[in-house]
Amino acid sequence: MTAGAASASPGSAEEPAGLRRVARVVLLDPQDRVLLLHGHEPGAPDDDWWFTPGGGLEGAETREQAALRELAEETGITDVDLGPVLWKRVCSFPFAGRRWDQDEWYFLARTTAQTAAEVEAGAAMPGLTELERRSVAGLRWWTCGELSSTHETVYPTKLAGLLSALLDEGPPSAPVVLDTEIV
């Protein structure tokens with residue numbers, strides 16, 4: 001496994017202070033489909049959205065370590081090639097009765113070991129927290145075309161265009177800073 005970006009220290013110029021540090025994974029399968037989780041507000045399944053695997057750093061772990069740990073916990077997938085940081089964004093959103101302010105780094109990763117059928121058949125989500133068990137309804141692989149035509153909410157909001165550019169042009173030479181997103 002390789003990593004394309006070093007983790008900055010908290011509060012450095014590269015990383016906004018006071019934000020939850022998050023590592024996310026843009027996981028592609030051999031057909032260039034991206035794996036997304038289907039989340040919803042706990043107790044309100046109709047308030048739903050799709051999002052990339054990932055979560056907050058624990059202790060002194062690096063963003064790369066967090067990306068791999070979160071991917072394994074949320075999907076059961078451990079055989080991946082972790083690539084560079086594609087995008088960075090700051091976001092703020094309400095969830096489970098509080099506001100979450102996050103500094104997110106999106107890592108590219110590829111897998112060949114897991115098929116979509118294996119992941120969707122329940123081999124996934126072995127290490128969800130109690131809150132995640134109440135708010136994650138499942139997951140699925142999405143093609144770029146499906147993302148472009150969906151009317152469902154997907155985060156980051158411009159994922160279809162970002163994925164299209166990634167597949168057409170390859171990873172950027174440096175992480176792209178996405179617009180701040182406040183929900």
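Residue numbers start at 1 and run along the sequence shown.
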Legend entry - Donor-acceptor under 3.5 Å (E74 side chain, G54 main chain):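 Present.
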Legend entry - C144 backbone acceptor or donor facing S148 side chain under 3.5 Å: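 At least one qualifying donor-acceptor pair exists.
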Legend entry - Contacts of E152 that satisfy salt bridge (charged side-chain N to carboxylate O under 4.0 Å, His left out) - sequence neighbours left out: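 Applying salt bridge (charged side-chain N to carboxylate O under 4.0 Å, His left out) to E152 gives none.
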If I take atom [atom1] from residue [X] and atom [atom2] from residue [Y], how far apart are they, to the nearest 0.5 angstrom?
| X | Y | atom1 | atom2 | value |
| --- | --- | --- | --- | --- |
| E181 | K158 | CD | NZ | 8.5 Å |
| D29 | T143 | CG | OG1 | 10.5 Å |
| R69 | Q65 | CZ | CD | 9.5 Å |
| K88 | L178 | NZ | CG | 11.0 Å |
| L163 | D32 | CG | CG | 7.5 Å |
| L35 | R140 | CG | CZ | 10.5 Å |

Looking only at heavy atoms, which two atoms of [X] and [Y] are closest? And how far apart?
| X | Y | value |
| --- | --- | --- |
| A67 | F107 | CB-CD1, 3.9 Å |
| A66 | E61 | CB-OE2, 3.4 Å |
| P30 | T111 | CD-O, 3.3 Å |

May I ask whether [X] and [Y] are part of the same hydrophobic cluster, defined by side-chain heavy atoms of I, L, V, M, F, W, Y residues being less than 4.5 angstrom apart, directly or through others?
| X | Y | value |
| --- | --- | --- |
| V26 | V154 | yes |
| L139 | L159 | no |
| W49 | V34 | no |
| V85 | V25 | yes |
| L162 | L86 | yes |

Inset, instruction - Using a 4.5 Å cut-off on heavy atoms from C-beta on, say whether the side chain of P53 contacts that of L37. - result: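 Sidechains of P53 and L37: in contact.
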Legend entry - Pairwise side-chain contact, I182 with C91, heavy-atom cut-off 4.5 Å (strictly under):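 In short, these two side chains do not touch, never coming nearer than 4.5 Å.
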Using the side-chain hydrogen bond (donor to acceptor under 3.5 Å, both in side chains) criterion, which residues pair with [X]? Sequence neighbours excluded.
| X | answer |
| --- | --- |
| D101 | S92 |
| Q31 | R33 |
| W142 | none |
| T153 | none |

Inset, instruction - Have a look at V80 and tell me which of L28, T112, L68 forms a side chain to side chain contact (heavy atoms under 4.5 Å, CB included) with it. - result: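 Running side chain to side chain contact (heavy atoms under 4.5 Å, CB included) over L28, T112, L68 with V80 returns exactly one hit, L68.
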Inset, instruction - Check each of W105, Y155, Y106 against W87 using the ring pair (Phe, Tyr, Trp, His ring centres under 6.0 Å) test, and report the only one that passes. - result: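 One option only clears the test, and that one is Y106.
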Inset, instruction - Assess whether side chain to side chain contact (heavy atoms under 4.5 Å, CB included) is satisfied between L147 and L36, documenting all intermediate values. - result: CA-CA 10 Å; L147 282 174; L36 299 179; 3.8 Å; yes
Legend entry - For V22, the rest of its hydrophobic cluster, which grows through side-chain links under 4.5 angstrom: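 Its cluster partners, ordered by chain and number, are none at all.
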Inset, instruction - Could you give me the CA-CA distance, side-chain angles and deciding distance for R89 and D179, then say whether side chain to side chain contact (heavy atoms under 4.5 Å, CB included) is met? - result: CA-CA 7 Å; R89 81 168 181 162; D179 292 337; over 6 Å; no
